[in-house]
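Structure record follows, encoded as C-alpha cells.
Since the model is a prediction, treat every value here as computed from it, not as a measurement.
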Amino acid sequence: MWPFLFSINKEENMKNYHSLRKTRDFQIVYNQGKSKVNKYLVLYSKKNDLGYNRLGISVSKKVGNSVVRHHITRLIRESYRLNQDTLKQSYDMVVIARNSAKDTNYHIIESAFLHLINLHHLKRVDHI
RNA sequence: UUAGUCAGACAAAUGGCCGCGCCGUUUCAGACGAAAGGGAAAUGGUGAGGAAAGUCCGGGCUUCACAGGGCAGGAUGCCGGAUAACGUCCGGUAGGGGCAACCCUCAAGCUAGUGCAACAGAAAUAAACCGCCAUGAAUAUGGUAAGGGUGGAAAGGUAAGGUAAGAGCUUACCGCCUGGCUGGUAACAGACAGGGCAUAUGUAAACCUCAUCCGAAGCAAGACCGAAACGAAAACGAUAAAUUGGCCCGAUUUGUUUUCAGGUGGGUCGCUGGAGCUUGCUGGCAACAGUAAGUCGAGAUAGAUGGCCAUUCAACGACAGAACCCGGCUUAUCGGCUGGCUAAACAU
RNA sequence: GGCUCCAUGGUCAAGUGGUUAAGACACCGCCCUUUCACGGCGGUAACACGGGUUCAAAUCCCGUUGGAGUCA
C-alpha cells in the first residue's frame with residue numbers, strides 16, 4: 001500500500017519544475033538542440049533521456065539591471081509553470097530573453113512563450 | 001502667505017485565487033545515497049533597501065607569516081574631542097560666499113634642499129628696452145626704478161614729504177617679519193615694541209621634509225565528512241585471479257581484499273543574537289557614553305518576494321534586489337509629509 | 001561576491017604638465033596612367049564623461065560611465 005502512495009507523491013513532485021544548472025548542460029542544448037526565435041524570446045530545445053522536462057532561463061546583462069532581469073525570469077518561470085501540463089515530456093529547454101522583453105508584461109511573455117512552443121511542436125497532442 | 005535653509009520619518013494601500021525560499025508543529029514513508037545527508041502532505045509563522053548599488057575608506061572574523069626593530073612602499077595632514085577604527089562624525093579657529101538662517105574649503109612645510117615655469121617680453125630669479133635726470137653736445141658716460149609695454153607672476157600697497165631725477169630715503173595707515181606680554185587645553189586672537197622689507201615670485205593633487213598610522217590576503221577566507229583519480233603498506237595469488245562466454249576450448253589483462261593516505265563530483269558547518277533595535281532617564285554645547293525596561297525582525301547556493309482579478313489614490317507608482325557581518329563616504333532617485341530657523345510682504 | 005587593469009580619428013596606436021596632439025592603414029579631392037592598381041600632393045576626422053589642483057591638464061587628484069581579465 002505504501003509504495004503505491006509514494007509513487008503518487010512522486011507524480012505530485014513533478015509539479016515542481018526541474019532546472020538546468022551546469023554550464024555544460026546549457027552548452028549541450030546550445031550545440032545540439034534546435035532554436036526558434038520571435039520578437040521577445042529565443043527557445044532552444046533538445047530531447048533528453050530523463051523522462052521529465054528541464055528548463056533553463058538566461059537573461060543577459062544587456063537587458064537591464066538586476067531588478068529587470070529577475071522580473072523577466074519570474075515571468076518566464078510563471079509561463080512555464082502554468083503551461084507545463086500541456087507540454088510533451090523528456091525535453092531540455094533553454095529560454096533566452098531578448099532586449100525587447102524588458103518593456104513587456106506577463107501576457108505578452110506568455111503568448112510569446114506559447115508561440116515558440118508551437119513552433120517546436122512540443123505541445124502534447126492529446127491536449128489539443 | 002511666498003521664497004529659502006537645516007533636520008527627521010516614509011518609499012502606494014486593502015482583499016481574493018494560484019505559486020516560491022526558510023523555520024516550527026502534526027501525520028505518512030524509512031524509499032534514495034558508499035557516507036555525510038535526506039523525502040511527501042497539511043497547518044502556522046516569516047521572508048529585500050534608503051541607498052541592499054559603487055567597492056572608495058575603516059573594523060570584526062578566518063587563514064598564512066611573524067623574537068624584536070628598521071628600510072622600502074602606501075595613507076592621512078589647522079586645533080581639540082568622539083569612536084572598535086576611519087580619509088567618518090561633533091565642536092572650535094582661519095579664509096571665502098550669502099541681506100539672513102546657513103553653507104563651502106586636499107587648510108602642515110617652497111624663509112631645509114632639488115626640479116619646473118612653454119609663448120610673449122629688454123629681462124623669469126635675472127636688471128635696464130622705451131623712458132626720467134645729470135655731464136657733454138646729436139653719438140656717448142653715469143645715476144635711477146616713478147611711468148609705459150609683455151606676462152599668471154617683474155624687488156610690499158596707498159598718500160604726503162623729499163630729490164637733479166628717483167628710491168622704505170623719511171613719515172602716516174595697511175600688509176609682512178621678529179620679540180616677549182595677555183586670553184585660550186590648542187589652533188589662534190588682541191594690544192605693544194622693534195625691523196625698514198635683500199627673508200626677494202609661483203608650484204608640494206612636482207620630487208621631497210616633518211608628524212601620525214599601516215604585516216598580507218580575503219567567506220570563491222577557512223573547517224569537517226567523504227564516491228573518484230594519483231599513491232603507500234600488509235595478506236592472498238602465477239598449477240592463480242579477473243573479463244569475454246549458457247559451458248568447455250580459446251582470446252585479453254595482471255590482479256583481489258584490508259588498512260592508511262588523498263580530497264575531485266557531492267554534502268555539512270562558517271550563516272546570522274549583533275560595537276543589534278525601540279522607548280525613557282542621567283552626563284556632555286554636540287558627536288557620543290552610561291543605565292533601566294521591552295524586543296528578536298531574510299539566510300538563498302544558478303540563487304526564494306511573482307502572476308491574475310477587484311477596489312481606492314497624489315492615477316499606472318522613481319532609483320533600484322540581501323549573498324559573511326558592521327561603521328562611514330560617494331553616486332542614483334518619483335514624490336508628498338512633519339518640525340526648527342531666516343528674509344520679504346500683508347494683517348493684528 | 002572579491003580582486004586587478006584599461007579607455008586618444010572608422011581601425012591600430014605614440015605622446016617629460018607648455019607649438020596647431022606624432023604616425024600608419026582606411027576615406028575624400030587633385031596629379032600620373034588609355035583605364036585600374038602602384039606612386040606623388042593635399043584634406044576631413046580623436047584625448048569616454050563631470051568636477052578640482054595649476055598661469056596652463058590628454059597627462060596630476062576625486063567621482064561617474066563603459067569595457068576586459070582573474071579567483072570555484
Side-chain angles (χ1 to χ4, degrees):
Chain A
M1 178 182 176
W2 294 127
F4 174 73
L5 197 142
F6 172 71
S7 71
I8 292 286
N9 286 342
K10 199 161 189 178
E11 287 296 322
E12 289 290 315
N13 187 23
M14 293 304 294
K15 280 172 66 180
N16 301 332
Y17 78 102
H18 292 77
S19 63
L20 286 173
R21 304 192 176 213
K22 295 293 175 187
T23 308
R24 194 167 51 236
D25 297 337
F26 277 84
Q27 288 300 324
I28 287 170
V29 177
Y30 288 151
N31 292 328
Q32 302 178 11
K34 296 178 178 176
S35 70
K36 298 287 180 183
V37 185
N38 64 16
K39 187 179 176 187
Y40 302 108
L41 302 175
V42 181
L43 179 64
Y44 284 78
S45 74
K46 180 186 176 298
K47 198 166 174 56
N48 65 18
D49 301 329
L50 297 171
Y52 53 84
N53 284 342
R54 291 190 297 176
L55 176 68
I57 302 170
S58 172
V59 185
S60 163
K61 232 177 182 178
K62 291 177 187 172
V63 175
N65 58 30
S66 175
V67 174
V68 172
R69 283 183 274 130
H70 269 93
H71 188 68
I72 292 171
T73 305
R74 286 162 185 157
L75 293 180
I76 294 169
R77 196 182 295 148
E78 188 79 3
S79 304
Y80 176 81
R81 184 180 70 81
L82 294 175
N83 293 289
Q84 64 178 341
D85 290 337
T86 71
L87 302 179
K88 293 181 183 175
Q89 292 299 305
S90 191
Y91 281 90
D92 287 342
M93 285 174 266
V94 174
V95 181
I96 300 168
R98 305 185 73 194
N99 204 4
S100 56
K102 63 184 173 186
D103 296 323
T104 58
N105 56 28
Y106 171 72
H107 297 291
I108 294 173
I109 292 290
E110 187 185 31
S111 64
F113 180 72
L114 292 175
H115 174 241
L116 289 173
I117 290 293
N118 281 325
L119 288 180
H120 276 274
H121 305 293
L122 289 175
K123 261 207 185 303
R124 205 184 275 176
V125 179
D126 53 308
H127 264 264
I128 296 175

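Rounded to the nearest Å, the gap between the P atom of B:rA107 and that of B:rG143 is 48 Å. A gap of 14 Å separates the P atoms of B:rU203 and B:rA154, to the nearest Å. Atom P of B:rA205 sits at a distance of 29 Å from the matching atom of B:rG190, rounded to the whole Å. Between B:rA220 and C:rA72, the distance separating the two C1' atoms is 5 Å to the nearest Å. If you take atom P in B:rA153 and the same atom in B:rG147, they sit 16 Å apart, rounded to whole Å.
A 3.5 Å limit on both hydrogen-bonding distances identifies C:rC41 as the Watson-Crick or G-U partner of C:rG29. B:rU301 is unpaired under the Watson-Crick or G-U wobble criterion, no partner having all donor-acceptor distances under 3.5 Å. Base pairing annotation: B:rG95 forms a Watson-Crick or G-U wobble pair with B:rC104, both donor-acceptor distances under 3.5 Å. With a cut-off of 3.5 Å on both Watson-Crick or G-U wobble distances, the partner of B:rA275 is given as none. In this structure B:rG250 sits in a base pair with B:rU244, meeting the Watson-Crick or G-U test at under 3.5 Å. Pair check for B:rC173 finds B:rG157; Watson-Crick or G-U wobble, both atom distances under 3.5 Å. Base pairing of C:rA7 is made with C:rU65, judged by Watson-Crick or G-U wobble geometry with both donor-acceptor distances under 3.5 Å. Nucleotide B:rC20 forms a pair with B:rG47, judged by Watson-Crick or G-U wobble geometry with both contacts under 3.5 Å.
A salt bridge is absent between A:Lys46 and A:Asp92: the closest approach of a Lys/Arg side-chain nitrogen to an acidic carboxylate oxygen does not fall below 4.0 angstrom.
If you measure from atom CD of A:Glu110 to atom C1' of B:rG19, you get 14 Å, rounded to the nearest angstrom. Rounded to an integer number of Å, the gap from A:Arg81 CZ to B:rC17 P is 15 Å. B:rA304 atom C1' lies 8 Å from atom CZ of A:Arg77, rounded to whole Å. Across the protein-nucleic acid pair, A:Tyr80 atom OH and B:rG307 atom C1' stand 17 Å apart, rounded to whole Å. Taking atom CD of residue A:Glu78 and atom C1' of nucleotide B:rC20, one finds them 10 Å apart after rounding to whole Å. Taking atom CG of A:Asn65 as the reference point, atom P of B:rG54 lies 11 Å away to the nearest angstrom. Protein atom CD1 of A:Ile57 is 15 Å distant from nucleotide atom P of B:rG306, rounded to whole Å. With rounding to whole Å, A:Arg69 atom CZ is found 14 Å from B:rG303 atom P.
Between A:His71 and B:rG321 there is no side-chain N or O to OP1 or OP2 distance below 4.0 Å. OP1 or OP2 of B:rU305 lies within a sub-4.0 Å distance of a side-chain N or O belonging to A:Arg74. For the OP1/OP2 pair of B:rA304 and a distance below 4.0 Å, the side-chain nitrogens and oxygens of A:His70 include at least one atom meeting the criterion.
Taking CG of A:Leu122 as the start and CG of A:Leu114 as the end, the distance is 11.5 Å to the nearest 0.5 Å.
Classified by its glycosidic torsion, B:rA126 falls in the syn category, the angle being within 90° of 0. For B:rG168, the O4'-C1' to base torsion is within 90° of 0; the nucleotide is therefore syn. Nucleotide B:rG196 is shown with an anti base, its glycosidic torsion being more than 90° from 0.
Minimum atom distance to the side chain of A:His107 is reached by B:rC308, of the listed B:rC308, B:rG306, B:rG321. Among the nucleotides B:rA320, B:rG303, B:rG307, the one closest to any side-chain atom of A:Leu75 is B:rG307.
Nearest-nucleotide assignment on RNA chain B puts the 5′-proximal partner with A:Thr73, out of A:Tyr106 and A:Thr73.
Note: the hydrophobic cluster containing A:Tyr44 also contains A:Val37 (ILVMFWY, side chain heavy atoms under 4.5 Å, direct or indirect links).
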